Every structure is written in structure tokens, then in C-alpha cells.
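The structure under discussion appears below in the form of C-alpha cells.
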Amino acid sequence: MTVDTHVVAICGSLSDDSGTRTALRTVLDGATAVTDTEVTTDLIDLRELSLPPRDGDDRDAGDAPALRARVADADALVLGTPMYHGSYSAPLKNALDYCGRDELGGMTVGLVCVAGGGFPRQALSHLRGVCDALDAWTLPHQVGVPNAATTIGDGEITDDDIAARARTLGEQAVAYANVESFPELTAAGASPSQ
């Protein structure tokens with residue numbers, strides 16, 4: 001049975017030559033490769049939106065209403081960020097500050113982080129914490145892209161293992177879109193009833 005699934009990604013990098021944007025495109029390619037459902041995607045490029053720093057007195061500043069509408073339209077959301085000083089980017093934090101539980105509560109969310117150095121574990125952990133605070137269903141599978149200068153080039157992920165992880169995240173975003181709860185984890189080969 002074909003079910004329409006809409007996967008939205010938010011790019012937290014403002015760089016023109018963004019490794020994060022490249023990684024998110026790879027994730028979305030993985031989502032559209034799923035063959036048993038009709039998948040549409042939307043890459044929200046924060047460079048194209050006017051989002052002034054979040055002011056508690058003006059939740060609707062700039063393009064905030066349009067951002068919230070695009071996020072709320074998603075069946076699954078993928079957040080992508082470069083790692084800055086051990087955490088995720090200020091533009092992504094600002095975008096998430098304009099959203100809330102109305103948009104992310106119960107949403108299936110995947111995480112992607114691109115680093116110039118080693119594996120961006122801490123940044124992914126920080127972003128996971130924000131998603132948890134917003135009551136999102138954050139996928140266990142996440143994509144860390146270390147050493148971006150050598151793992152991303154010419155608009156693609158050049159490391160085959162990382163590219164495969166990114167495509168898998170897209171597939172999982174589709175597979176777990178709109179879930180009410182994640183299936184119970186079981187031992188390898190065991191059925192949930194065992």
C-alpha cells in the first residue's frame with residue numbers, strides 16, 4: 001500500500017559551500033529511494049529565511065510563521081548542523097526556538113552533524129537533548145560526519161560508509177514517520193513476544 005510521507009530537513013549552516021547541506025541532501029536521497037511509499041522532501045535552507053534572534057515578545061518575527069508551517073507539515077524531520085565549539089549552530093538553535101512542542105511534539109526526528117575535526121558526539125548529544133525537551137521521537141540512528149574536508153567534496157559525501165549511514169537515516173525517517181511509539185527493542189532474532 002502506498003502512503004504519502006513528507007520528510008523535511010533543516011540546514012543549520014549558513015555557508016555557501018556547506019557540508020551540512022550536502023549531508024542532508026544525501027539523507028533526503030535515501031528517503032526518496034524508499035520504494036513502497038510515495039515520498040516528498042523539503043530542504044529548509046536557513047540562509048533563505050529571515051529569522052532574527054528569537055525575542056520572547058515576538059514569536060512571529062520575520063519568516064517564523066512560514067518556518068513553523070513547513071515543519072508542522074512534515075511526517076518526519078531531519079536536523080542538520082555543523083559543529084561549532086563542541087555544539088550545534090546558533091542558526092539552528094534560533095530556528096528551533098521559533099518552533100515548539102506544537103510542531104515537534106511526537107515528530108520523528110533524525111540528526112546529522114558535520115565536524116571539521118573528530119566525531120561530533122557532543123553536538124549530536126546536545127541536539128538530541130533539545131529534541132527530547134520538545135517531546136520529539138528522536139531516531140537512535142544518527143549521522144556524524146567527522147573530518148569534513150576529507151569526507152565531503154564536490155557536493156557529495158566521499159566516504160562510502162558515511163554516505164551509506166546518511167542514506168539509511170533517510171530510509172529510517174520514512175519507515176518511522178508518524179509513529180505513535182517506537183517498536184520495542186529485542187535481542188537479535190527474537191520476536192517481541194519472547
Side-chain angles (χ1 to χ4, degrees), residues 5-37 39-47 74-89 91-93 96 107-132 136-177 179 182-190:
T5 303
H6 187 56
V7 180
V8 174
I10 301 177
C11 182
S13 171
L14 303 182
S15 299
D16 288 335
D17 187 23
S18 169
T20 302
R21 199 171 298 108
T22 297
L24 287 173
R25 285 187 182 121
T26 306
V27 171
L28 294 178
D29 286 347
T32 58
V34 175
T35 58
D36 60 350
T37 187
V39 178
T40 58
T41 63
D42 179 14
L43 177 58
I44 298 174
D45 190 336
L46 294 179
R47 297 176 308 165
D75 297 306
L77 180 68
V78 181
L79 302 176
T81 183
M83 185 170 78
Y84 293 146
H85 304 302
S87 194
Y88 61 100
S89 71
L92 183 57
K93 174 70 166 93
L96 291 172
M107 176 79 69
T108 299
V109 178
L111 305 178
V112 176
C113 186
V114 176
F119 190 84
R121 181 173 289 110
Q122 187 173 350
L124 287 163
S125 177
H126 291 174
L127 198 49
R128 185 172 295 276
V130 170
C131 292
D132 289 346
W137 293 102
T138 311
L139 291 166
H141 182 87
Q142 60 190 11
V143 179
V145 182
N147 307 310
T150 58
T151 55
I152 297 177
D154 296 327
E156 64 182 8
I157 299 174
T158 57
D159 181 293
D160 291 342
D161 291 338
I162 295 172
R165 283 190 64 79
R167 287 189 295 273
T168 297
L169 182 61
E171 294 165 5
Q172 289 190 2
V174 173
Y176 295 105
V179 297
F182 285 114
E184 291 182 34
L185 296 176
T186 60

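These numbers come from a predicted model, not from an experiment.
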Tabulate below the donor-acceptor pairs under 3.5 Å that side-chain atoms of residues 141-149 make, not counting sequence neighbours, or state none.
unit_1, atom_1, unit_2, atom_2, d
His141, NE2, Arg165, O, 3.0
Gln142, OE1, Arg128, NH2, 2.8

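- Thr158 places no side-chain N or O within donor-acceptor distance of the main-chain N or O of Gly153, the cut-off being under 3.5 Å.
- In this structure, Leu127 and Leu96 have side chains that are in contact, with non-hydrogen atoms separated by less than 4.5 Å.
- Nearest heavy-atom pair, Cys11 versus Leu43, reported as atom, atom and distance to 0.1 Å: CB-CD1, 4.3 Å.
- With sequence neighbours left out, Ser125 forms a side-chain contact (heavy atoms from CB on, under 4.5 Å) with no residue at all.
- The side chain to side chain donor-acceptor pair (under 3.5 Å) check on Ser13 picks up Ser18, with sequence neighbours excluded.
- Taken from SG in Cys113 to CZ in Phe119, the straight-line distance is 8.5 Å, to the nearest 0.5 Å.
- Note on residues 76-86: pairs passing side-chain hydrogen bond (donor to acceptor under 3.5 Å, both in side chains), not counting sequence neighbours, are Thr81-Ser89.
- In terms of heavy atoms, Ala177 sits closest to Thr108 at CA-OG1, 3.8 Å.
- For the atom pair CD1 (Ile162) and OG1 (Thr151), the distance works out to 5.0 Å, reported to the nearest 0.5 Å.
- The shortest distance between side-chain heavy atoms of Leu24 and Thr20 falls below 4.5 Å.
- Rounded to the nearest 0.5 angstrom, His6 NE2 and Leu77 CG are separated by 10.0 Å.
- The two atoms that bring Leu46 and Pro91 nearest to each other are CD1-O, 3.4 Å, heavy atoms only.
- Expressed to the nearest 0.5 Å, how far CZ of Arg167 lies from OG1 of Thr32 amounts to 11.0 Å.
- No side-chain heavy atom of Tyr88 sits under 4.5 Å from any side-chain heavy atom of Leu79.
- Counting only residues at least two apart or on different chains, no salt bridge (Lys or Arg N to Asp or Glu O under 4.0 Å) pair has a member in residues 136-162.
- Here the shortest heavy-atom pairing between Gly110 and Leu169 reads CA-CD1, 4.0 Å.
- Closest non-hydrogen pair, His126 versus Ser87, comes out as ND1-OG, 2.8 Å.
- Screening residues 11-34 for salt bridge (Lys or Arg N to Asp or Glu O under 4.0 Å), with sequence neighbours left out, gives Asp16-Arg47, Arg21-Asp45.
- Shown here for Ala163 and Thr26, the closest heavy-atom pair between the two residues is O-CG2, 3.8 Å.
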